[in-house]
There are 2 protein chains.
Amino acid sequence: MIKCHLSKIMGERKLKIVDVARDTGINRGTITRLYHETASRIELEAVEALCRYFDCQVGDLFELQVDNDTD
Amino acid sequence: MIKCHLSKIMGERKLKIVDVARDTGINRGTITRLYHETASRIELEAVEALCRYFDCQVGDLFELQVDNDTD
DNA sequence: CACTTAATGATCTTCTGAAGATCATATTAG
DNA sequence: CTAATATGATCTTCAGAAGATCATTAAGTG
């Protein structure tokens, strides 16, 4: 599965969901879904805003979790 | 902007859109959009399928293009 | 403690765009 | 040329992000 490291990054920087939502302009619901890893779809615009905000690359935010299964 | 390197990867491996669509199970229209970089939203499931298919990481497929602007 | 304010989770409607199918037009093979 | 395959374009369907709102919880202040 695709793992989203948003909660880890936010934790490291001690940021709240509202902070990220406010500063990036991304909807709070979307941040919440990414934070709790319940999102199944993502706007590239949101990915870009988060990468810029955290000054990181796409690969730092999303990672392919290599499980045994193809799931 | 977020750059999708699908066309580059496909070119390197000499794969056609139908090949990728068939082998990954992803809709051809979606592959076409990613190939031509006209997609604005992406299913994490599709990202995972592509990463597994190309045996690469999310960061190899998508990259934050660091332009001067925040756009 | 009570009161206020901010943050979060949950829920609902709206709206965008991927999924899926189909058709027309290349492109390639015979 | 004919047949098969690949691609682009278009349409409908449907999932889920966007946006707003409400209830609950946490944090701060008197």
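Quantities reported herein were computed from a predicted structural model and do not represent experimental measurements. Numbered from 1 within each chain, the chains take letters A, B, ... in sequence-line order.
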Could you give the NZ-to-P distance, from A:K14 to C:dA7, as a whole number of Å? 17 Å
May I have the distance from B:L34 (atom CG) to C:dA18 (atom C1'), rounded to whole angstrom? 10 Å
Can you tell whether the side chains of B:E43 and A:R41 come within less than 4.0 Å, N to carboxylate O? yes
Check every atom of D:dT7, C:dA7, C:dG17 against the side chain of B:R28 and return the nucleotide holding the closest atom. D:dT7
When rounded to the nearest 0.5 Å, the distance separating CZ of B:F62 from SG of B:C51 is 8.0 Å
Using whole Å, what does the distance between atom P of nucleotide D:dG8 and atom OH of B:Y35 come to? 7 Å
So if I take every side-chain heavy atom of A:T32 and compare against C:dG9, D:dA17, C:dT16, which nucleotide ends up nearest? C:dG9
When you look at CD of B:E45, are more than 12 heavy atoms from neighbouring residues, nucleotides or ligands closer to it than 6.0 Å? no
Looking at D:dT7, D:dA15, C:dT8, which one has an atom nearest to any side-chain atom of B:K16? D:dT7
Value in whole Å for how far the C1' atom of D:dG16 lies from CD1 of A:I26: 16 Å
Atom-pair distance (NE2 on B:H36; P on D:dT10), nearest Å: 13 Å
For the atom pair OG1 (A:T32) and CD1 (A:I17), what is the distance rounded to the nearest 0.5 Å? 4.0 Å
Using whole Å, what does the distance between atom P of nucleotide D:dT13 and atom CG of B:N27 come to? 16 Å
Can you tell me how far C1' of D:dA15 sits from CD of B:E43, to the nearest Å? 7 Å
Would you mind checking if A:R52 and A:D55 are paired as a salt bridge, meaning a charged N to carboxylate O distance below 4.0 Å? no
Got A:I26 and A:V20 here, is their nearest side-chain heavy-atom distance under 4.5 Å? no
Does the side chain of A:R41 get closer than 4.0 angstrom to OP1 or OP2 of C:dG17 through an N or O atom? no
Within this structure, what is the CG-to-P distance between A:L44 and D:dA17, rounded to whole angstrom? 13 Å
Any residue of residues 17-25 of chain B with a heavy atom less than 4.0 Å from an atom of DNA chain D: B:I17, B:V18
Which donor-acceptor pairs under 3.5 Å do the side chains of residues 9-16 of chain B make with protein atoms, sequence neighbours left out?
from	atom 1	to	atom 2	distance (Å)
B:R13	NH1	B:F54	O	3.1
B:R13	NH2	B:F54	O	2.9

